[in-house]
Structures are given as structure tokens and as C-alpha cells.
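What follows is a set of notes on a single structure, which appears directly below.
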Amino acid sequence: KQWYQRRVAITAGKVNEPRNLIRTKWGIGRLIQDCERPPIVLPWVHRGMEEVLPMYHSIPKFNKKITIGIGDPIETEELLAECRRLNFSELATRKYITDVVELKLDKLCRRINDIHYKD
């Protein structure tokens with residue numbers, strides 16, 4: 001139970017998003033900042049679902065390639081401590097945390113894109 005309470009899973013993008021990463025919203029930083037205990041964030045991305053279930057179709061297609069990537073956990077306790085040490089405002093803390101998550105997601109997206117779209 002304690003393990004589950006400290007984990008937050010975050011994915012990138014939206015339905016049928018192109019291969020590039022969209023800007024991460026500051027709500028991620030706020031969720032992390034407002035947690036009673038600093039969570040461990042688990043970034044993950046997937047590619048290929050647009051082929052399995054295209055927009056406006058209700059029946060999934062079979063035998064399609066799907067690639068799922070799970071990144072390294074992000075220890076937010078260290079990020080929050082760094083923000084306190086540097087005397088960041090709430091807004092600056094939120095932006096800093098969001099930027100770190102976005103950088104990790106971007107790195108993961110690039111790696112998964114290289115794997116999924118290598119043909």
C-alpha cells in the first residue's frame with residue numbers, strides 16, 4: 001500500500017498525437033508539488049495505438065505493432081529539496097518540476113520512436 005501511494009504514472013501526448021512530444025502542462029508540477037509525500041514519477045509512452053484503434057473506429061485492428069516504453073523513476077523528493085534550497089517560488093517550483101519531467105519524457109519518446117519507427 002505504501003509503495004502505491006508514492007507513485008505517479010505519467011504518459012506523453014494524446015490520441016493520435018504525431019511522433020513529437022507535446023508541451024507538458026504545469027498541472028504535472030502542481031500535482032507533484034501538492035502531494036503530502038513526494039511521489040516517485042514513472043514516465044511511460046506508447047506508439048502504435050493509432051493503428052490498433054484509429055480515430056472514429058470502434059473495432060480494434062489486430063496484428064499491429066505496439067511499442068511501450070517505461071522510463072526511469074523520477075525521485076521528486078530530491079527535486080523539491082533543490083527548489084527549497086534555491087528558494088524558488090511556488091510557480092518556479094512547479095515549472096522546474098514540469099521541465100524535468102518533460103525532459104525525461106522527451107528522451108524516452110525519442111528512444112521509443114527510434115525503436116517503433118525504425119523501418
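All values reported here derive from a predicted model rather than from experimental measurement.
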Check: How many angstroms lie between CD in Glu51 and NZ in Lys65, if you round to the nearest 0.5 Å?
Finding: 11.5 Å

Check: Taking all non-hydrogen atoms of both residues, which atom of Gly69 and which atom of Ile112 are closest, and how far apart?
Finding: CA-CD1, 3.4 Å

Note to self: What I want to find out is whether Lys95 reaches Asp99 closely enough, with some N-O distance under 4.0 Å, to be called a salt bridge.
What the structure shows: yes

Notebook entry, point to check: For the residue pair Leu42 and Gly71, what are the closest heavy atoms and their distance?
Noted result: CD1-O, 3.5 Å

Item checked: Non-neighbouring partners of Arg111 that pass salt bridge (Lys or Arg N to Asp or Glu O under 4.0 Å), sequence neighbours left out -> none

Checklist line | Test side chain to side chain contact (heavy atoms under 4.5 Å, CB included) applied to Ile97 and Leu31, Ile74, Val41, Leu80, the passing residue | finding: Leu80

Next item on the list: For Phe88 and Thr93, work out which heavy atoms get closest and say how close.
Entry: CB-OG1, 3.4 Å

Next item on the list: Check for a donor-acceptor pair, side chain of Thr98 on one end and backbone N or O of Gly29 on the other, with a separation under 3.5 Å.
Entry: yes

Margin query: Side chains of Glu78 and Glu75, heavy atoms from C-beta outward: is any pair under 4.5 Å?
Written below: yes

Check: Charged N to carboxylate O under 4.0 angstrom, Arg110 versus Asp106?
Finding: yes

Checklist line | Over all atoms of both residues, closest heavy-atom pair of Asp72 and Pro43 | finding: O-CD, 3.4 Å

Item checked: Over all atoms of both residues, closest heavy-atom pair of Ile40 and Pro73 -> CG2-CB, 3.5 Å

Notebook entry, point to check: How far apart are the closest heavy atoms of Val100 and Leu79, and which atoms are they?
Noted result: CG1-CD1, 3.9 Å

Notebook entry, point to check: Under 4.5 Å between any side-chain heavy atoms of Pro39 and Glu77, yes or no?
Noted result: no

Name every donor-acceptor pair, under 3.5 Å, that has one atom in a side chain of residues 54-63 and the other anywhere in the protein, sequence neighbours excluded.
from: His57; atom 1: ND1; to: Met55; atom 2: O; distance (Å): 3.0

